[in-house]
Amino acid sequence: MTTIRLTAAQAMVKWLSVQMTEEGERFIEGIWAIFGHGNVAGIGEALYHAKDSFPTWRGHNEQTMAHAAIAFAKTHKRRRAMAVTSSIGPGATNMVTAAALAHVNRLPVLFVPGDVFANRAPDPVLQQIEDFDDGTVSANDCFRPVSRYFDRISRPEHLLTALPRALRVMTDPANCGPVCLAFCQDTQAEAYDYPADFFEPKVWFIRRPEPDQRELEAAVAAIKAAKKPLIVAGGGVIYAQAEVDLLAFAQKHNIPFVETQAGKGAIDWENDLHFGSPGVTGTACGNKLAAEADLVIGVGTRFQDFTTGSWTVFSAPGRKILSINIHGYDGQKRGSQPLVADAKVALAKLTAALGDTRFADPDFAARKDWFATTDGLFAPPEGNALPTDAQIIGAVTRATGKDSVIMSAAGTMPGALHVLWRAAAGGYHMEYGFSCMGYEVAGAMGIKMAAPEKHVVCMVGDGSYMMANSELATAVMMAVPFTVVLTDNRGYGCINRLQQGCGGAPFNNMLDDSYHVNAAHIDFIAHAGSMGAITRKVASVAELEAAMAEAKGASLPTVILIETDAGPGTGAGGTWWDVAVPEVSVRPQVNAARENYVTNTARQWLGN
Ligand SMILES: Cc1ncc(C[n+]2csc(CCOP(=O)(O)OP(=O)(O)O)c2C)c(N)n1
Ligand SMILES: [Mg+2]
């Protein structure tokens, strides 16, 4: 057998650089790295020699580098990914939040944190946590519950099994998610005679599992028995590249559909059967259909609480749920009838079996009314009033075209955009599985790296911006342009509203309602400018529109700052959301909110 003598780190890099997609590209495009003693000598040396065939990028924070990697994978519909490496200890645990984010959103990313010495000779090495009772524990064990595959590489030959398992998980449509290969520092540097054929290029394709015949027949029967079905399109539609198939299915059988946060942008908003969104951040016309539907057909959705109105929308008596999903876990949620299969395959089989089954027209007038309502919300504010988030969205809508991707993750914007944004196909990127503050700026960079032809628009509140923004400097350094619309309402506006909705006093959310000795005045323009971004402070939505047009052609990221009114939510469309309200309180407002809470929770278990 021919062998190649390499260090374990060199072997990992060599192997990763020849794992290919069907389109002939590297599945792992490259690696984000911040070095420390846990990875600089081993992995760092290996990456240096591979830098022309397997790029390394340097970021400013391990978590946000991983956010960029995750956004890249999401933009590529899970067909390509990136790796992220850190030192041991803080660099590694910085990535745990990002691993959880990828886990919830079911997106592939390869984490390669350095780990403690396999030989334990220098124990405790700098940054090693010491478990008094378990010699096998390191800080990297934090990755276990938030990885779809976890392994510790403590011998060079472990890579022969660990690496193929890692790629299997990242390219598996059902189990897709983050992989953590915790790489012991000494093992990275250790040499081994690897079989040469281990490094032969390998093509990974995403399989499309067929449905079980009995489940398929039951699904056909359920649809045929329905009078008013409604399709709920989730992220699985996009990851299965079944957007066109879903539209054809909906049109042929005349079934209206709504899109979840992850599913939004599967189909262009202008399509007549597109009724917007369901649930807590649902459109009025979409939720009306959901309330009247006798069959909810979920396609690639995991039915999170925002989608289902914490199960008050979808679990009315007599309403059935058919869940078409790649994973049985999502197929059976809340008593739903499963059809476990790839979405594209399942829709093709269903439509063939349904023949010319066609349902009565949905309420097209309600859809028209909805857009008339939102037109009103988009109108610029009167006089000198600060704009609302809806008015900002109106301005951004006017300033962007179908070549744009709107993105966000946490704060007021995700809900407001879900309900109000008129997404072109492929024009919406929302991290709303983990809704992680601080995903936005780095995520925008990852999207732009994946789709350089798109105008990437990052919608971020002052709170999320403050939580993580330093990859702005990376985007400047790497000349990755995107437009940041930074809405400054002086605090955590959405949580402030939620707090009061639950009967609470305004407390510890807005800067002015929080303990302070000096009133906070954050100069966002100076801050973003100091990292090299183009900056503009605008005083009106008209100025915002003009600044956005300018930003579109820029070769650097642009941060546009606008002060907004923290008071109003969108006030449109949505349903109740389950947030537990205290059972006893001296505040009458809390007691009133509790009463409302009890009434609504009683609606959650009425049965399907
Ligand atoms: C990492 C993280 N911490 C806390 C939260 C809870 N949270 C959700 S939105 C939010 C406030 C967001 O404030 P900002 O970005 O200014 O948006 P606004 O609602 O004010 O527009 C908080 C604290 C979160 N989603 N993520
Ligand atoms: Mg804010």
Side-chain angles (χ1 to χ4, degrees), residues 10-33 43 46-59 65-85 102 105-112 148-149 159 162-173 175-179 181 197-208 235 238-244 265 342 344 403 405 407 425-426 429 442-454 456 474-475 478-482:
Q10 290 160 359
M12 179 188 75
V13 172
K14 188 175 174 65
W15 189 87
L16 288 177
S17 65
V18 293
Q19 305 310 305
M20 311 306 284
T21 67
E22 285 178 277
E23 289 75 32
E25 292 161 317
R26 278 189 306 282
F27 180 79
I28 306 276
E29 164 74 357
I31 188 163
W32 291 95
I43 293 173
L47 289 173
Y48 170 76
H49 292 290
K51 65 186 191 312
D52 296 330
S53 56
F54 190 75
T56 301
W57 309 286
R58 178 194 178 283
M65 292 193 307
H67 289 170
I70 292 163
F72 177 90
K74 183 172 166 76
T75 305
H76 276 297
K77 304 182 186 180
R78 315 200 295 193
R79 273 149 183 83
R80 300 191 70 195
M82 288 173 166
V84 194
T85 181
N105 287 284
R106 305 188 187 176
L107 291 166
V109 55
L110 178 61
F111 291 99
V112 191
R148 290 274 176 218
Y149 182 72
L159 291 176
L163 285 172
R165 287 179 191 165
L167 263 279
R168 183 202 76 80
V169 167
M170 294 171 80
T171 57
D172 183 309
N175 292 307
C176 184
V179 169
L181 300 181
D197 61 8
F198 183 58
F199 303 103
E200 290 291 316
K202 181 172 165 57
V203 174
W204 296 83
F205 66 88
I206 316 284
R207 73 178 74 83
R208 294 191 177 279
I238 295 171
Y239 301 142
Q241 297 184 318
E243 300 96 330
V244 172
D342 170 75
K344 205 185 210 3
D403 62 342
V405 179
M407 70 84 64
H429 179 121
M445 178 173 67
I447 297 169
K448 187 69 180 178
M449 288 174 82
E453 73 287 359
K454 297 276 190 172
V456 179
T474 309
M478 302 197 342
V480 180
F482 46 87

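All of these numbers come straight from a predicted model, not from anything done at the bench.
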**Study point:** Backbone N/O of Arg26 and side chain of Arg80: donor-acceptor pair under 3.5 Å
**Key:** yes
Point to revise | Closest heavy-atom pair and its distance - Tyr149, Ala162 | key: CE2-O, 4.1 Å
Exercise for review: Rounded to the nearest 0.5 Å, what's the gap from NZ on Lys74 to CE on Met407? Could you check?
Suggested key: 9.5 Å
Check your understanding: Hey, what do you get for NZ (Lys14) to CG (Leu159), rounding to the nearest 0.5 Å?
Key -> 14.0 Å
Study note, to complete from the structure: Contacts of Arg79 meeting side-chain hydrogen bond (donor to acceptor under 3.5 Å, both in side chains) (sequence neighbours excluded), chain-then-number -> Gln241
Practice item. Check whether any side-chain heavy atom of Trp15 lies under 4.5 Å from a side-chain heavy atom of Pro164, and answer yes or no. Key: yes
Check your understanding: With sequence neighbours excluded, what pairs up with Ala69 under the side chain to side chain contact (heavy atoms under 4.5 Å, CB included) test?
Key -> Trp32, Met82, Val84, Val109
Check your understanding: For Arg207, what residues pass the salt bridge (Lys or Arg N to Asp or Glu O under 4.0 Å) criterion, not counting sequence neighbours?
Key -> Asp172
Check your understanding: Of the non-hydrogen atoms in Met20 and Ser17, which two are nearest, and what is the gap between them?
Key -> SD-O, 4.3 Å
Exercise for review: Tell me, please, which residues at least two apart from Thr474 pass side-chain hydrogen bond (donor to acceptor under 3.5 Å, both in side chains).
Suggested key: Glu471
Exercise for review: Give the intermediate values and the outcome of side chain to side chain contact (heavy atoms under 4.5 Å, CB included) for residues Met449 and Met478.
Suggested key: CA-CA 10 Å; Met449 288 174 82; Met478 302 197 342; 3.6 Å; yes
Review point. Between Phe482 and Lys448, is there a cation-pi geometry (under 6.0 Å to ring centre, at most 45° from the normal)?
Key: no
Practice item. Verify side chain to side chain contact (heavy atoms under 4.5 Å, CB included) between Ile70 and Asn105, making sure each step is shown before the conclusion. Key: CA-CA 9 Å; Ile70 292 163; Asn105 287 284; 5.8 Å; no
Practice item. Quick one: list whatever passes side chain to side chain contact (heavy atoms under 4.5 Å, CB included) with Glu200, sequence neighbours left out. Key: Asp197
Exercise for review: Might you point out which heavy atoms bring Ala73 and Ala81 nearest each other, and give the distance in Å?
Suggested key: CB-CA, 4.2 Å
**Study point:** Closest approach of Gly177 to Met170 (non-hydrogen atoms, all atoms of both residues)
**Key:** O-CG, 4.0 Å
**Study point:** Heavy-atom pair of closest approach, residues Leu16 and Leu163
**Key:** CD2-CD2, 4.3 Å
Point to revise | side chain to side chain contact (heavy atoms under 4.5 Å, CB included) partners for Ala450, two or more places apart | key: Phe72, Thr75, His76
Check your understanding: Given the rule in the side chain to side chain contact (heavy atoms under 4.5 Å, CB included) test, do Lys202 and Val18 qualify, once you have shown the distances and angles that lead to the verdict?
Key -> CA-CA 7 Å; Lys202 181 172 165 57; Val18 293; over 6 Å; no
Revision key, fill the gap. Sorted by chain and number, sequence neighbours left out, side chain to side chain contact (heavy atoms under 4.5 Å, CB included) with Ala240 holds for Arg208, Ala242, Asp342, Ala343
Check your understanding: Within the distance-only criterion (no hydrogens, no angle test), does the side chain of Thr85 pair as donor or acceptor with the backbone N or O of Ala33 below 3.5 angstrom?
Key -> no
Practice item. Decide yes or no for Lys454 and Ile447: does some side-chain heavy atom of the first lie under 4.5 Å from some side-chain heavy atom of the second? Key: no
Study note, to complete from the structure: Residues passing the salt bridge (Lys or Arg N to Asp or Glu O under 4.0 Å) test with Lys77, sequence neighbours excluded, are Glu243
Check your understanding: For Lys344, what residues pass the side-chain hydrogen bond (donor to acceptor under 3.5 Å, both in side chains) criterion, not counting sequence neighbours?
Key -> Asp245
Exercise for review: Apply the test side chain to side chain contact (heavy atoms under 4.5 Å, CB included) to residues Ile28 and Gln19: give CA-CA distance (whole Å), side-chain angles for both, the deciding distance (0.1 Å), then the verdict.
Suggested key: CA-CA 7 Å; Ile28 306 276; Gln19 305 310 305; 5.6 Å; no
Review point. Roughly how far, to the nearest 0.5 Å, is the CD1 atom of Ile206 from the CZ atom of Phe27?
Key: 6.0 Å
Review point. Taking only residues two or more places apart in sequence or in another chain, which ones pass ring-ring contact (aromatic ring centres under 6.0 Å, His included) with Tyr239?
Key: none
Revision key, fill the gap. Between Val405 and Gly426 the two heavy atoms that sit nearest each other are CG2-O, 3.8 Å
Point to revise | Contacts of type side-chain hydrogen bond (donor to acceptor under 3.5 Å, both in side chains), residue Arg148, not counting sequence neighbours | key: none
Return all side-chain donor-acceptor pairs below 3.5 angstrom for residues 47-58, not counting sequence neighbours, or 'none' if the list is empty.
| from | atom 1 | to | atom 2 | distance (Å) |
| --- | --- | --- | --- | --- |
| His49 | NE2 | Glu45 | OE2 | 3.0 |
| Ser53 | OG | Ala50 | O | 3.2 |

